[in-house]
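Down below is the structure, laid out as structure tokens.
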Amino acid sequence: MSDIRVLTGPEVAAHANRESCWIIVHDKVYDVTDFLDEHPGGSKIILKYAGKDATEAYEPIHPPDAITTNLPPEKHLGVIDASTVAKVVKEVTEEEKRRLALMDARPPLDNVINMHDFEVVAKTVLPEKAWAYYSSGSDDEITLRENRTAYQRVWFRPRILRDVSSVDWSTTILGQKSSLPVYISATALGKLGHPDGELCLTRAAAQHGVIQMIATLASCSFDDIVDAATPEQPLFLQLYVNRDREITRKYVQHAEARGVKALFITVDAPQLGRREKDMRMKFVDDGAGAEVQKGQDVKKDQGVARAISSFIDPSLSWKDIPWFQSITKMPIILKGIATAEDAVLAFEAGVQGIVLSNHGGRQLDTARSGLEILVEVIAALKARGYYPSPKFEIFVDGGVRRASDVLKALALGATAVGVGRPFLYAFCAYGQAGVEKAIQIFKDEFEMNMRLLGARTIDELVPEMVDASTLTSHTVLVPSDNLFNATYQPLVVAKFRES
Ligand code: 173
């Protein structure tokens with residue numbers, strides 16, 4: 001006989017205040033009274049669901065095991081008898097109605113011909129909060145925009161008459177076969193934009209031989225993502241290091257046991273950047289302007305990401321690298337290197353690679369683009385005899401929208417590039433089919449650009465095929481990037497309250 005307690009809707013509803021607060025998540029009932037003030041996102045949001053089913057609000061922004069790891073077992077009260085819970089008829093807001101109508105009126109997928117198209121559809125159909133969270137960069141978003149502009153300061157030097165009847169852009173990334181010199185980079189909270197979240201990426205990647213990097217803060221659980229992959233499908237893992245190293249050790253070793261092929265440790269986020277579009281959204285949504293900042297709920301203006309990132313350890317340092325090397329045999333890659341000095345230290349620390357990145361323009365504003373960093377990194381590694389090396393791979397991410405961008409990074413010495421937002425926007429707009437289409441677009445662009453550049457294989461991409469001489473001059477004029485500008489949303493200043 002099972003001793004699991006079955007609770008009814010009215011029983012739960014009787015605990016709907018600060019003194020006694022029960023909530024339902026995924027058909028289970030929890031007493032979160034003592035946890036209210038510890039909740040990283042503040043108590044107010046939990047109290048909104050006190051005595052009710054909070055699943056819908058909980059799901060996109062919490063790892064599935066968040067409750068089980070944070071609440072002691074005696075606070076797990078039992079399961080809910082679903083037939084006794086009054087169905088909440090969700091009020092469809094005007095914004096939601098407008099959004100659904102726009103979703104119906106999306107351009108057919110056949111009409112989507114580049115990555116910018118996904119972005120403009122996502123911008124239109126996503127809930128405002130999701131768009132604000134995904135699209136935002138830090139501070140003035142100079143770096144966010146520079147990530148695009150940098151690619152436009154590098155020009156091709158194509159070679160001709162090379163018999164390009166057949167071209168091959170497949171490659172190997174950290175020993176794993178990939179149909180593209182591109183991997184799907186980690187982005188968090190996929191369910192804010194699509195009910196299947198990151199599984200859209202996993203399933204599309206399986207169909208096309210592309211490698212996905214799983215985010216520590218994915219909406220889908222790590223195991224659900226691995227379960228959705230085919231047995232042969234290579235997966236990488238992005239890691240935020242927990243203040244509690246035991247949690248990190250278990251997580252890493254579990255990933256290795258489940259067959260993950262490489263560990264990308266994020267090293268550029270000891271604290272999350274201030275993403276003002278995301279922060280502004282919380283202000284507007286809470287209705288009361290500055291007043292809501294008084295009182296207990298100080299974290300609500302910080303945006304979703306900041307609220308859920310408090311576990312990240314800002315004390316992480318080079319001294320920790322040997323510990324990671326002792327707990328896993330997976331290749332270790334440091335994600336978020338921004339200078340030649342740190343690239344040299346990474347090589348000397350014996351890790352297997354680095355990602356030259358500014359976190360999609362979301363961390364230190366006016367940090368340089370990955371592409372610009374690449375040039376100085378290759379020079380510094382070469383000078384020390386560290387490059388080329390079969391044991392050390394260099395990746396770049398940020399701002400990649402075209403296969404031609406990828407070819408520039410490869411010609412300058414990268415093994416592959418990471419693409420985050422475009423794949424995220426593809427599934428927000430069209431689900432798995434969108435991601436498959438995005439991959440197909442990259443393939444079409446690779447075929448054309450490699451032919452025109454005179455490179456039949458990835459190995460034939462050499463530095464002489466690009467002119468990067470103005471890459472470090474941040475003031476040169478470039479033609480206006482109309483597609484990017486069409487979706488780029490300018491930051492706004494504080495709004496007056498409506499009288
Ligand atoms: O860029 C991000 O938003 C990010 O990396 C993150 C970090 C912590 C929580 C959620 C997202």
Side-chain angles (χ1 to χ4, degrees), residues 39-42 45 57-66 69-70 122 126-127 129-139 141 143-144 147 184-193 197-198 201 212-222 225 236-244 247-248 251 263-282 299-314 316 333-338 355 357-365 367 370 397-400 418-425 428:
H39 184 231
I45 182 71
Y58 171 91
E59 199 173 28
I61 56 173
H62 296 82
D65 62 353
T69 29
N70 286 303
L126 276 171
K129 271 189 184 178
W131 170 254
Y133 167 66
Y134 292 152
S135 66
S136 57
S138 52
D139 294 1
E141 302 193 336
T143 292
L144 177 95
N147 281 350
I184 302 175
S185 197
T187 48
L189 308 182
K191 284 193 185 175
L192 285 179
E198 297 81 7
L201 299 171
Q212 175 191 7
M213 185 196 296
I214 303 172
T216 296
L217 287 157
S219 298
C220 299
S221 78
F222 170 82
I225 294 174
F236 297 155
L237 178 67
Q238 174 269 335
L239 181 72
Y240 274 124
V241 179
N242 200 301
R243 293 168 196 266
D244 180 345
I247 293 176
T248 290
Y251 186 61
L263 184 67
F264 286 69
I265 305 176
T266 297
V267 293
D268 61 5
Q271 170 172 351
L272 279 212
R274 298 171 88 254
R275 294 105 188 232
E276 296 186 7
K277 284 174 185 158
D278 194 23
M279 292 162 70
R280 193 81 76 193
M281 192 51 64
K282 305 297 171 280
K299 286 194 183 135
K300 67 172 7 149
D301 68 328
Q302 302 284 298
V304 175
R306 278 195 150 202
I308 64 172
S309 63
S310 52
F311 73 92
I312 299 172
D313 189 353
L316 191 66
I333 295 86
L334 304 184
K335 176 174 178 287
I337 296 281
V355 185
S357 168
N358 52 45
H359 207 118
R362 290 160 81 77
Q363 289 298 104
L364 181 63
D365 199 23
D397 71 22
V400 172
V419 171
R421 287 194 188 91
F423 289 126
L424 171 70
Y425 293 144
C428 291

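Counting convention: from 1, in listed order, for ligands and their atoms alike. On a predicted model such as this, the values are computed, not experimentally measured, just so you know.
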query: ring pair (Phe, Tyr, Trp, His ring centres under 6.0 Å) with F236: which residues, sequence neighbours excluded?
result: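 Per chain and number, F236 pairs via ring pair (Phe, Tyr, Trp, His ring centres under 6.0 Å) with F264.
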- request: Please work out whether the ring planes of Y134 and Y425 are parallel, tilted or perpendicular, with thresholds of 30° and 60°.
  value: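 Ring orientation of Y134 relative to Y425: perpendicular.
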Distance from [X] atom [atom1] to [Y] atom [atom2], nearest 0.5 Å?
{"X": "R274", "Y": "S136", "atom1": "CZ", "atom2": "OG", "answer": "12.0 Å"}
{"X": "R275", "Y": "Y133", "atom1": "CZ", "atom2": "OH", "answer": "6.0 Å"}
{"X": "T216", "Y": "Q238", "atom1": "OG1", "atom2": "CD", "answer": "4.0 Å"}

Pairs under 3.5 Å, nitrogen or oxygen of ligand 1 with protein nitrogen or oxygen:
from     : atom 1 : to   : atom 2 : distance (Å)
ligand 1 : 1 (O)  : R275 : NH1    : 3.4
ligand 1 : 1 (O)  : R275 : NH2    : 3.1
ligand 1 : 1 (O)  : H359 : NE2    : 2.9
ligand 1 : 1 (O)  : R362 : NE     : 2.9
ligand 1 : 3 (O)  : Y133 : OH     : 2.8
ligand 1 : 3 (O)  : R275 : NH1    : 2.8
ligand 1 : 3 (O)  : R362 : NH2    : 2.9
ligand 1 : 5 (O)  : Y240 : OH     : 2.5
ligand 1 : 5 (O)  : H359 : NE2    : 2.9

- prompt: Any side-chain heavy-atom pair from E141 and E276 closer than 4.5 angstrom?
  reply: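 Sidechains of E276 and E141: no contact.
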